[in-house]
Enquirer: 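Sharing a structure here in C-alpha cells format.
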Amino acid sequence: MKAGQEFGFFQVINHGVAKEVMSRAMEVVKELFDMPAEEICKEANRDGWVYMGSTSHDINGVHLWRDNIKHQCHPLELSMQFWPQNPTRYREVVASYVVHIRALSLRILEAICEGLGLEKGHLEEMSQVQFLTASNYPPCPNPGLTLGLIKHVDHSLITILFQGTTDGLQILKDGHWIGVELVPDSFLVNIGSQIEIISNGKLKCAEHRVVTNPKEARTTIATFINPLPHCIIEPARCLVNDSDPPLYASMSFQEFVDASKAFGPHTDALQNGVFPQN
Ligand code: OGA
Ligand code: NI
C-alpha cells in the first residue's frame, strides 16, 4: 500500500501464477510478433482485436518504436473467438494466462479495498472489463531518438504488467525518470487513474514510459482491469467528508476517457485541471 501511495507501482512476487503459465504466454506472444507483419495484420482483420502495428511511427512529435496488439479478455468465452488463430496455440495459452491474471487482479483490488477501508467487493464490482495489450519493442539502432511508449498514465483500475527479461520501463517520480528494476518472475502492478479517483487521491497513478534498447528486443504483456463504459467513477463516499472534500469530479468511465482523449492520446488528463473538482 505504501508503494502505491508513493510510486503508483509495486512489484508482486508471491503471486500464485505458475511460472509455466507466464513463460508459455510470453513465448506465444513472441511467436506472434515474429510472424511477418502482413500475417499479423491478416489475423487482426477479425473484429474484436486490433493490430496497432508498425514498429516505427510518430505520436505527439515523438518517434515511437513498438508493435502492439490489443484484445478483450473478459468474459473469456465471448472474447476468445476474436483472438488470433495463429500461432495455433495462442488462444489456449493466453486464455490460461488471462484467467490467472484476472484472479490475481481481483485479489489485489480486494487488498486495496481493505487498505482504503472500502466495503468488501467495492472495486471488484467495477472490474467488469479486462483487456490485454502485448507489446514488442524491437532493438533500436538509435535509442536516443525514439521511445517505446511515450509518457502516460493508465486509464484503468489496475494494470498488471509482465515485463519478460528486458528492462525499459521508467516511472516519473518527483520530476525524474526512474528505471524499474526487473525482478524475475514478478508482475508489476500499476495503479490506474480510476483508483486514484476512487481513493480520492490517497493512491496515485504514476506517469510512465518505455525507452528502447539498442541490442535486445523487449516483449511485454499488459492486462488492464477496467470498469464498464457507463460505470460512474467518483471518490468513494466513505473517504469523503467535510475535512476531506472530493478532489475529483464524478463521471462515467467513458466520459473520463473521452475527456482524456481531448488532451491527446497519452496525455495525463488528471493533471490538466478538468478532473479535480476544486
Ligand atoms: C502500457 C504500458 C509498459 C510496457 O501498455 O500501458 O505502460 O513495458 N506498457 O510495455
Ligand atoms: Ni502504461
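None of these values were measured; they are calculated from a predicted model. One-based numbering, in listed order, for ligands and for the atoms of each.
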Enquirer: Would you say H208 touches ligand 1, if touching means a heavy atom closer than 4.0 Å?
Expert: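 A heavy atom of H208 does come that close to ligand 1.
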
Enquirer: So for ligand 1, is Q163 a polar contact partner (N or O within less than 3.5 Å, distance only)?
Expert: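 N/O-N/O distance below 3.5 Å does not exist for this pair.
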
Enquirer: Using heavy atoms and a threshold below 4.0 Å, how should the contact between T133 and ligand 1 be classified: side chain, backbone, both, or neither?
Expert: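 Under 4.0 Å from ligand 1, T133 contributes no heavy atoms.
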
Enquirer: So, do R66 and L149 sit near enough that their side-chain heavy atoms are less than 4.5 Å apart?
Expert: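 In short, these two side chains touch, coming nearer than 4.5 Å.
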
Enquirer: Verify the distance criterion only: is there a donor paired with an acceptor across the side chains of S252 and H230 at less than 3.5 Å?
Expert: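 No, no side-chain donor-acceptor contact under 3.5 Å.
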
Enquirer: What pairs of residues pass the ring pair (Phe, Tyr, Trp, His ring centres under 6.0 Å) test when at least one of them lies in residues 92-139, not counting sequence neighbours?
Expert: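 Applying ring pair (Phe, Tyr, Trp, His ring centres under 6.0 Å) to every pair that reaches into residues 92-139, excluding sequence neighbours, yields F131-F224.
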
Enquirer: For the Ni ion (ligand 2), state how many protein N, O or S atoms fall inside a distance shorter than 2.8 Å.
Expert: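 Step by step: take the Ni ion (ligand 2), keep protein N, O, S below 2.8 Å, and you get 3.
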
Enquirer: Starting from atom 2 (C) of ligand 1, what is the nearest protein heavy atom, named by residue and atom, and what distance separates them?
Expert: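 In this structure, atom 2 (C) of ligand 1 has L149 CD2, 3.4 Å as its nearest protein heavy atom.
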
Enquirer: Check whether any side-chain heavy atom of T220 lies under 4.5 Å from a side-chain heavy atom of L161, and answer yes or no.
Expert: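 The answer is yes, as the side chains (C-beta and beyond) meet within the 4.5 Å cut-off.
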
Enquirer: Linking I/L/V/M/F/W/Y whenever any side-chain heavy atoms sit under 4.5 Å apart, do F256 and V129 land together?
Expert: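 Hydrophobic grouping puts F256 apart from V129.
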
Enquirer: Classify the contact between L161 and ligand 1 as side chain, backbone, both or neither, using a heavy-atom distance cut-off of under 4.0 Å.
Expert: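 Side chain only.
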
Enquirer: Applying salt bridge (charged side-chain N to carboxylate O under 4.0 Å, His left out) to K202 and E196, what does each step give before you reach the verdict?
Expert: CA-CA 7 Å; K202 289 198 169 54; E196 176 168 329; over 6 Å; no

Enquirer: Salt bridge check: are E39 and K42 linked by an N-O gap of less than 4.0 Å?
Expert: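 Yes, E39 and K42 are salt-bridged.
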
Enquirer: Using a 3.5 Å distance criterion without hydrogens, assess whether the side chain of S79 forms a donor-acceptor pair with backbone atoms of H74.
Expert: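 It does hold such a pair.
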
Enquirer: Can you report which non-hydrogen protein atom sits closest to atom 4 (C) of ligand 1, along with the distance?
Expert: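 Scanning the protein heavy atoms, the shortest distance from atom 4 (C) of ligand 1 goes to Y137 OH, 3.3 Å.
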
Enquirer: Regarding K120 and E125, does a basic nitrogen lie under 4.0 Å from an acidic carboxylate oxygen?
Expert: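 No, this pair does not count.
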
Enquirer: Quick one: nearest non-hydrogen protein atom to atom 5 (O) of ligand 1, plus distance?
Expert: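 Atom 5 (O) of ligand 1 sits closest to the protein heavy atom F224 CZ, 3.7 Å.
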
Enquirer: I want to know if ligand 1 touches R66 in the polar sense, i.e. an N/O pair below 3.5 angstrom.
Expert: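 No, since none of the N or O atoms of R66 sits under 3.5 Å from an N or O of ligand 1.
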
Enquirer: Can you tell me the protein heavy atom closest to atom 8 (O) of ligand 1 and the distance?
Expert: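 Closest protein heavy atom to atom 8 (O) of ligand 1: R218 NH1, 2.6 Å.
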
Enquirer: For the residue pair Q163 / R218, report whether a side-chain donor-acceptor contact shorter than 3.5 Å exists.
Expert: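 Q163 and R218 do have a side-chain donor-acceptor pair below 3.5 Å.
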
Enquirer: What do we get for D154 next to ligand 1 when only non-hydrogen atoms under 4.0 Å count, side chain, backbone, both or neither?
Expert: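 The answer is the side chain of D154.
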
Enquirer: H15 and D185: side chain to side chain donor-acceptor pair (under 3.5 Å), yes or no, with the steps?
Expert: CA-CA 9 Å; H15 44 64; D185 306 318; over 6 Å; no

Enquirer: Write out the residue and atom name of the closest protein heavy atom to atom 3 (C) of ligand 1, then the distance separating them to 0.1 Å.
Expert: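 Protein heavy atom with the smallest distance to atom 3 (C) of ligand 1: V210 CG2, 3.7 Å.
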
